[in-house]
Structures are given as structure tokens and as C-alpha cells.
Amino acid sequence: MKPHSLHPWNVTPTEAREIQERFRNHVLQKNVARLRHIRHVAGVDVSIKNNRVIAAIVVLDFSSLEIIASSIHRQPVRFPYVPGLLTFRECPALLPAYEKIRVEPDLVLVDGQGIAHPRRFGLAAHLGVLLGKPTIGCAKSRLIGVYEEPHEEAGCYTDLFDGEELIGAVLRTRTNVKPLFISVGHKIELPTALDLVLNCCRGYRLPEPTRLAHQSAGGLLPSPRARYET
DNA sequence: GCGACAG
DNA sequence: ATCTTGTCGC
């Protein structure tokens, strides 16, 4: 369950972009077999506090959307926030948090873009490739791409394009609330990603996995090690 | 040069 | 992301 570390994290912005260009073709936009029997869905998110990165991962039972495991990992910030290079700021803390999880997730929802990224390698895509697992990018705002505003009813969506290329969708996860920017992370197709995200929504804008991971990273959920960790 | 820009 | 309380609307 230990993710492959195929490249260094202690890099310059220029090197970071080179790494993204080198790995962008590793993304698989195809549904894999395990998506047909999803039992565990994970949500990952990160918060920054006192110059420290707080990475949180929450694993939910796919059918009940109840928490069955979670973990947190904190470490110093080692990379600045640069649009397009978010992975190099958050991933170094997410990987250790992932290693602590005892339950193997079948799918991972990430708070950030998948391939809806300048080099088609946003955080969700990068994490998916490193973990070799299906991931979906669920961003709260746009990084790149043009789109038409989707209708106000929950479930409605429009395509997100970068020129002629379809890179994602703008999905209304809740009626009359700002839409989410969904894109393929890894080992999944966009239509499937949209369907699964909607199935993870419980009346809030953010799907449960990501929503709970966000609360966990912000220190709003009961301490993982006190309740769910072994 | 100017504006845009995941979290 | 973070700094921060109450408040308007479905």
C-alpha cells in the first residue's frame, strides 16, 4: 500500500513542470474493473496552518457514506502555492497520510483538478498515477477551460473545454449553489466520474468524501487516532 | 505589458 | 488556502 515515489519532490518550479510533462502520458482515461464493485471511497484534502501542511484522508463505505477509517499527516510547507503546481505543495504530505490508512480504497476523490490542467496533470491525476488507483478531480473553482453555466438543478452539468479538447465538466452538485469542476484523475472516464460524484453527494455542495476530508484537515472531526486508527 | 490563476 | 459573525434566502 506504499505509493511509488517515482520522482523527487524537492524541486524548483521549472523542474516541477518538467516532471508533469514527463508523467502526463501515464494517465489512463479508461474505467478499470474495480470500479464495478466499489466498496470504499476515499476523500483527500489539505489545509495550511502556521506554515504547516495538514493532509487528511477519509475512507467511507460507498453505499452508506459512513466513515470507516481516516488518517492525518502534518509536515512543514516546502513548496509555495503556484497555480498549476499545487501537487508539489500538497502531495508530499498526502502520501504519508495515505500510507497510514489500513483500508484499501477503490476510488479516491481529490479536492483539486484532474486533467483539467495546463499540462493535463493536476493533483488528482498525479496522485492517481502515483497510487495506481482510480481518482477523480473535484475542484471548487476553475483553473483552465471554457464552459457554459449549467442549469441550476442538482445533477445538471456542462462540458469544460480547452480549445477543442474536452477536459472535464462543470457539475451542479446541489440546486442553486456554485458548481464543481469535475475531471478525470486516473483509471476512469468522465461520464463515470460524474455519476460517481453525484452518488457521493448528501445534500451539500461537496461530495461526502471530500467534504469530510476537508473537515478532518481543518480539525473539525474527532481525532482519527482516537477513534478510527488502530 | 496586462490579466488569469486548483488551494 | 487563510483572516472571520451574522445574516438573507430556499
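Naming convention: chains lettered A, B, ... in sequence-line order (proteins, then strands); numbering from 1 in each chain.
Whole-Å rounding puts the A/L94 CG to B/dA6 C1' distance at 13 Å. The nearest whole Å value for the distance from the CG atom in A/L127 to the C1' atom in B/dA6 is 14 Å. Between the P atom of C/dA1 and the CG atom of A/L143 lies a distance of 15 Å, rounded to the nearest Å. If you measure from atom NE2 of A/H117 to atom C1' of B/dG7, you get 12 Å, rounded to the nearest angstrom. Here C/dC3 presents its P atom at 13 Å from CG of A/N51, a figure rounded to the nearest Å. At whole-Å resolution of the value, CZ in A/R74 and P in C/dA1 are 17 Å apart. Atom CZ of A/R205 and atom C1' of C/dC10 are 17 Å apart (whole Å). In this structure, the CD1 atom of A/I48 is 10 Å from the P atom of C/dA1, given to the nearest Å.
The nucleotide whose nearest atom lies closest to any side-chain atom of A/R142 is, among B/dG7, B/dA4, B/dA6, B/dA4. The side chain of A/Q113 has B/dA6 as its nearest neighbour among B/dG7, B/dA6, C/dT2.
Within the nucleic acid shown, A/H126 has no heavy atom closer than 4.0 Å to any nucleic acid atom. Using a 4.0 Å heavy-atom criterion, one finds that A/L123 contacts the bases of the nucleic acid, with or without backbone contacts as well. Looking at heavy-atom distances under 4.0 Å, A/G84 makes contact with a base. At a threshold of 4.0 angstrom between heavy atoms, the contacts of A/I54 with the nucleic acid are absent.
Taking side-chain N and O atoms only, A/R89 has no distance below 4.0 Å to OP1 or OP2 of B/dG7. Contact annotation: A/S141 side-chain N/O to B/dG7 OP1/OP2 distance is under 4.0 Å. Listed pair A/K49 / C/dT2 fails the phosphate criterion, with no side-chain N or O lying under 4.0 Å from OP1 or OP2.
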**Request:** Please test A/F88 against A/E15 for side chain to side chain contact (heavy atoms under 4.5 Å, CB included), starting from the C-alpha separation and ending with a verdict.
**Result:** CA-CA 11 Å; A/F88 293 83; A/E15 295 172 330; over 6 Å; no

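Between the side-chain ring of A/Y81 and the base of B/dG7, a stacking contact exists by the 5.5 Å and 30° definition.
For A/R174 and A/E90, each mapped to the nucleotide of DNA chain C holding its nearest heavy atom, the one lying further toward the 5' end belongs to A/E90.
Atom CG of A/N50 is surrounded by 12 or fewer heavy atoms from other residues, nucleotides or ligands within 6.0 Å.
The structure places SG of A/C201 at 7.0 Å from CG of A/L171, a figure rounded to the nearest 0.5 Å.
A donor-acceptor pair is defined here as one N or O able to donate and one able to accept, closer than 3.5 Å; such a pair exists between the side chain of A/S71 and the backbone of A/A97.
Contact annotation: the side chain of A/P105 approaches that of A/Y98 to within less than 4.5 Å [non-hydrogen atoms, C-beta and beyond].
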